[in-house]
Amino acid sequence: MAGRLLLVCRLMVRDLRRRRTETVLLLVAISAATATLTLGLALNNALAKPYERTRAATAGPDVVAMPGATGPQALAALAPLASAPGVTAHSGPYPIAYLMLTAHGKTVQVVVQGRDNSPAALDRPAVTTGTWVRPGGVVIEPTFANALGVRTGDTVAINGRPLRVVGTAVTAARAVYPNADWRFGPGSPLVQLAGLAWVDSSEIGVLADAKPPSYTLNLRFADPHASTSFRHMSRGGIEYTSWTQIAETDGRLVKQARLALLVGAWLLTALAVASVANIVAGRVVDQRRRVGLLKAVGAGPAMIAAVHLAEYLVIGLAAAGTGLTAGWLTAPALTNPGAGLLGSTGTHPPALRTVLAVTVLALAIAAAATLAPVLRAATTDTVHALADAATPPRRRRWRVWLSRRMPTALLIGVRVNARRPRRAHLVMVNTLITTTALAALFMGLAQDQQVRLGESELASPRNTRTLQAMFLVVVVLCVLALVNAIVSTWTAVLDARHPLAVARTLGATPAQVTAGMAVAQLLPAIPGVALGIPVGIGLYLVATPGQPQYAPASWMLAVALAVLFAVAVLTAIPALAATRHPVADALQ
Amino acid sequence: MTGSALLRARGVTRWYGRGSALVRAVDEVDLEVPAGQTLAIMGPSGCGKSTLLHLLGGLQRPTDGEIWLAEHRIDGMSERGLARLRRHHVGFVFQSFHLMDELTAVENVELAALLAGQSPRRARQRALDLLDRVGLADRAKHLPSALSGGQRQRVAIARALSNEPLLVLADEPTGNLDSAATLEVLRLFEELRRSGQTLVVVTHDPRIAAVADRIISMRDGAFADDNRLVGTTTIGTTTAAGTGTVYGRVR
């Protein structure tokens with residue numbers, strides 16, 4: 001047993017060392033998938049965890065009450081609520097006004113709340129930069145500040161009155177920009193989108209031009225069910241909003257991004273499997289000989305499978321670790337900027353559930369992509385494995401008739417693919433997935449990225465974050481697709497060295513051989529691209545609520561041509577390099 | 001099976017293809033090889049001698065017929081059973097050496113012993129002894145790429161002997177070697193023959209046949225001639241005697 005174990009370890013270590021480049025490529029391929037899955041799972045927490053953390057840190061209320069009336073009538077309506085049965089704590093009422101904020105030439109709607117420095121039992125906004133409110137200053141919710149492009153120290157105008165931005169702060173008592181105003185009742189001066197700002201209580205009357213302000217009262221109940229049994233309700237002229245409604249509204253900001261990442265994780269997983277299969281396929285030739293050799297000296301199928309699987313499982317485990325770390329480190333980039341909430345998904349180590357899911361994915365990719373070739377090799381006739389012959393293409397009369405009428409380059413391309421049909425399938429899968437992701441991204445880019453808040457438009461944080469997630473997925477996908485394309489073309493060129501040398505001895509020029517190799521890759525890439533564009537568009541339409549705009553046809557055409565051009569160039573380079581070697585070398 | 005024959009084949013047939021493309025690579029061959037015999041199988045390219053060797057070693061399955069090795073019927077054995085048989089009872093020597101490129105000479109030699117479940121220490125000692133026997137003790141830590149063709153083949157022969165097999169099967173062992181390297185291999189085979197090792201060699205080389213106790217000529221998948229030889233051999237010279245397809249030994 002010790003001897004066999006030693007043998008498995010020795011063969012694994014030596015083979016990994018001998019094929020460093022392939023090992024690194026495999027690691028990159030599987031890590032890309034595991035990193036994206038880590039990111040997707042981490043963003044699941046982004047729906048709830050940061051809000052919960054913010055709520056705990058700022059003593060967030062269970063329910064926020066806002067009367068429809070203003071001024072003294074509003075105060076009178078709210079007064080009995082503070083001492084209502086079941087209420088254990090309250091803060092407010094705080095005056096609020098629906099005003100217009102001007103910064104950098106843009107005038108947008110803002111909900112302004114009047115606060116002071118007195119301690120509050122509930123809703124104590126956490127200052128993230130600068131200081132809390134003071135006379136002459138305004139504190140802005142950070143997502144809103146980001147969209148406006150203002151920082152602490154800048155000057156903004158509220159209803160035409162200049163105020164210095166003294167800080168930014170987050171709260172759990174109101175949804176972040178652009179959903180800071182959630183009132184549903186008719187007659188509201190602002191009904192949909194707005195940012196949130198705080199000023200000193202003494203100034204709100206001046207800012208509102210002496211109009212009577214509205215008020216908001218924060219409540220906490222002894223019974224948790226009192227705040228979770230509803231999201232929003234209107235009773236006795238008062239609007240009640242529970243914390244679950246605010247959490248859901250905040251979560252909507254990252255919902256699309258999370259979906260993009262989850263779909264991206266699946267696409268990346270599929271591409272990673274294709275990538276691993278691609279790299280493994282490149283090794284099959286050598287593997288088959290190795291298997292034949294092991295069989296000849298008495299290794300059984302189980303031993304052969306163990307030798308090969310051990311290698312891939314080690315790579316899979318390393319990739320799981322790499323992917324977890326990369327995903328964990330990248331997650332804050334998607335949740336931190338302007339999140340309007342405290343904490344981020346990446347600041348805590350990944351959960352055990354995430355570690356398990358990622359490890360299982362990495363091992364499954366490694367096993368799935370290698371099991372088939374390993375088993376096939378293990379059950380291959382030993383003599384054939386040692387002889388290592390390529391699968392002869394099936395001869396059909398019509399194929400022979402057709403091939404005689406083809407231009408040389410096309411004929412070479414067709415024949416190269418006929419020798420290794422599985423490699424052609426992998427090229428198709430590679431281009432299909434890459435084009436799908438690119439088409440979906442271009443659909444995303446075609447959407448309106450702005451939201452209108454009164455007179456001006458500002459960047460939509462939801463769309464920005466969704467595009468960020470899609471960009472991230474597409475960049476990783478493109479890197480992986482590039483790795484795939486390079487591996488595929490190089491192995492194809494190396495594998496076809498001998499038949500291409502024969503073609504050259506029969507009179508094919510280096511240009512024809514190069515073009516033939518490019519054609520071999522382009523033939524399966526064309527259906528991949530043709531399918532990828534509608535699949536990408538369809539995927540975006542399914543995943544996006546409402547009626548998204550279609551990207552211009554010229555964009556999609558450009559995507560298709562760019563992918564095909566990249567495939568052709570990536571193939572032509574190694575093929576051209578191969579034609580520089582003397583024919584005799586390849587024939588030996 | 002008869003008691004004295006280590007290897008016995010009866011009506012062994014191997015066909016490839018079907019219909020008009022049917023090739024009878026081995027056609028109803030009967031063979032008995034007693035323990036300790038050195039048998040050379042000769043014949044033109046494509047006559048089926050390599051296929052027969054693969055069938056005898058369990059690397060391929062016959063289309064029809066029976067093969068017995070050391071009282072085990074191997075033609076219907078499972079893949080695992082065949083692997084176990086090769087591991088313990090058969091050593092192979094190939095024309096292309098088939099060494100593992102990533103393993104050193106000594107690691108290649110101990111491969112079969114480790115597969116057979118020997119302890120690493122014992123397997124290493126045996127491998128070093130065998131390398132010493134084939135004159136490559138000073139090349140034990142070299143990778144195959146750092147060895148000459150003759151040295152690689154000697155490593156392959158050492159590997160074939162590592163589990164003290166009942167039968168060594170060699171397929172064109174000198175086919176890729178120059179004259180000097182061929183002589184080295186010939187000396188090893190002569191030594192094996194003297195030590196009583198059962199050896200079946202497929203070869204084109206009359207010098208290899210000259211060290212055999214028996215020479216079988218094959219043509220079109222069947223035996224054309226079967227000559228048992230006696231006497232001594234002079235390695236490095238070809239002293240033809242006998243009739244037709246018999247080389248190098250005095251009858």
Side-chain angles (χ1 to χ4, degrees), chain A residues 1-23 283 285-308 310-311 374-389 392 394-395 588, chain B residues 14 16 21 25 50-51 53-55 57-61 78-104 107-124 126 143 145 156 159-160 162-163 165 169 171:
Chain A
M1 192 62 196
R4 285 182 195 156
L5 200 62
L6 171 76
L7 189 60
V8 169
C9 293
R10 180 184 287 164
L11 289 172
M12 180 185 76
V13 170
R14 296 291 169 81
D15 203 46
L16 288 176
R17 203 186 290 166
R18 197 160 72 103
R19 303 165 195 282
R20 283 185 193 139
T21 311
E22 287 171 16
T23 305
R283 302 176 60 169
V285 173
D286 203 34
Q287 252 177 2
R288 280 180 66 183
R289 190 182 150 271
R290 200 170 182 236
V291 166
L293 205 150
L294 283 169
K295 286 176 85 172
V297 293
M303 181 70 182
I304 288 164
V307 165
H308 289 86
E311 201 170 314
V374 163
L375 285 181
R376 198 172 60 239
T379 51
T380 303
D381 191 278
T382 311
V383 176
H384 283 140
L386 284 169
D388 176 38
R394 270 184 279 173
R395 292 184 67 80
Q588 275 173 359
Chain B
R14 175 71 195 195
Y16 295 108
S50 287
T51 304
L53 195 82
H54 296 151
L55 294 171
L59 291 182
Q60 273 183 308
R61 291 174 195 280
S78 67
E79 198 58 40
R80 180 184 284 190
L82 283 173
R84 202 176 295 132
L85 181 96
R86 287 194 294 264
R87 197 185 301 159
H88 294 289
H89 300 314
V90 184
F92 278 98
V93 180
F94 297 99
Q95 180 178 356
S96 309
F97 325 126
H98 288 318
L99 298 176
M100 290 243 177
D101 298 334
E102 66 269 34
L103 300 184
T104 61
E107 286 167 349
N108 264 293
V109 175
E110 70 185 8
L111 194 66
L114 291 176
L115 280 171
Q118 281 189 26
S119 73
R121 181 178 289 185
R122 197 168 153 220
R124 175 57 59 98
R126 168 85 178 145
L143 287 171
S145 55
R159 183 181 64 188
S162 73
N163 278 338
L169 300 169
D171 188 2

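Just so it is clear: chains get the letters A, B, ... in the order the sequence lines come, proteins before strands, and each one is counted from 1. All values reported here derive from a predicted model rather than from experimental measurement.
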Who among B:Leu115, B:Leu82, B:Leu103 has the most heavy-atom pairs with chain A under 4.5 Å? B:Leu115

Given B:Arg61, B:Met100, B:Arg121, B:Arg80, the one with more heavy-atom pairs under 4.5 angstrom with chain A than any other is B:Met100

Distance, nearest 0.5 Å, that separates CZ of A:Arg4 from CD of B:Gln118: 11.0 Å

Name the option with the most non-hydrogen atom pairs under 4.5 Å to chain A; the candidates are B:Val90, B:Leu85, B:Leu111, B:Asn163. B:Leu111

Non-neighbouring partners of A:Arg14 that pass salt bridge (charged side-chain N to carboxylate O under 4.0 Å, His left out), sequence neighbours left out: B:Glu107

Interface check, chain B: of A:Gly3, A:Ala2, A:Gly300, most non-hydrogen pairs under 4.5 Å belong to A:Gly3

Pick one of side chain, backbone, both or neither for B:Leu99, based on which atoms fall under 4.5 Å of a heavy atom in chain A. backbone

By a 4.5 Å heavy-atom criterion (distance strictly below it), what part of B:Ala116 contacts chain A: side chain, backbone, both, or neither? backbone

Rounded to the nearest 0.5 Å, how far does CG of B:Asp101 lie from CG of A:Leu293? 9.0 Å

If I take atom CZ from residue A:Arg17 and atom CD from residue B:Glu102, how far apart are they, to the nearest 0.5 angstrom? 11.0 Å

Locate the shortest heavy-atom distance separating B:Phe92 from A:Ala296; write the atom from each residue and the value. CD1-O, 3.5 Å

Contacting region of B:Arg122 [heavy-atom separation from chain A under 4.5 Å]: neither

Decide side-chain contact (heavy atoms from CB on, under 4.5 Å) for B:Leu59 and A:Lys295; before the verdict, give the C-alpha distance in whole Å, the side-chain angles of both, and the deciding distance to 0.1 Å. CA-CA 8 Å; B:Leu59 291 182; A:Lys295 286 176 85 172; 5.8 Å; no

State which residue, out of A:Leu6, A:Val297, A:Leu5, fulfils the side-chain contact (heavy atoms from CB on, under 4.5 Å) condition with B:Leu114. A:Leu6

Once rounded to the nearest 0.5 Å, what's the spacing between atom CD of B:Glu110 and atom CZ of A:Arg10? 4.5 Å

Interchain contact, B:Ala123 with chain A, by part (heavy-atom threshold 4.5 Å): neither

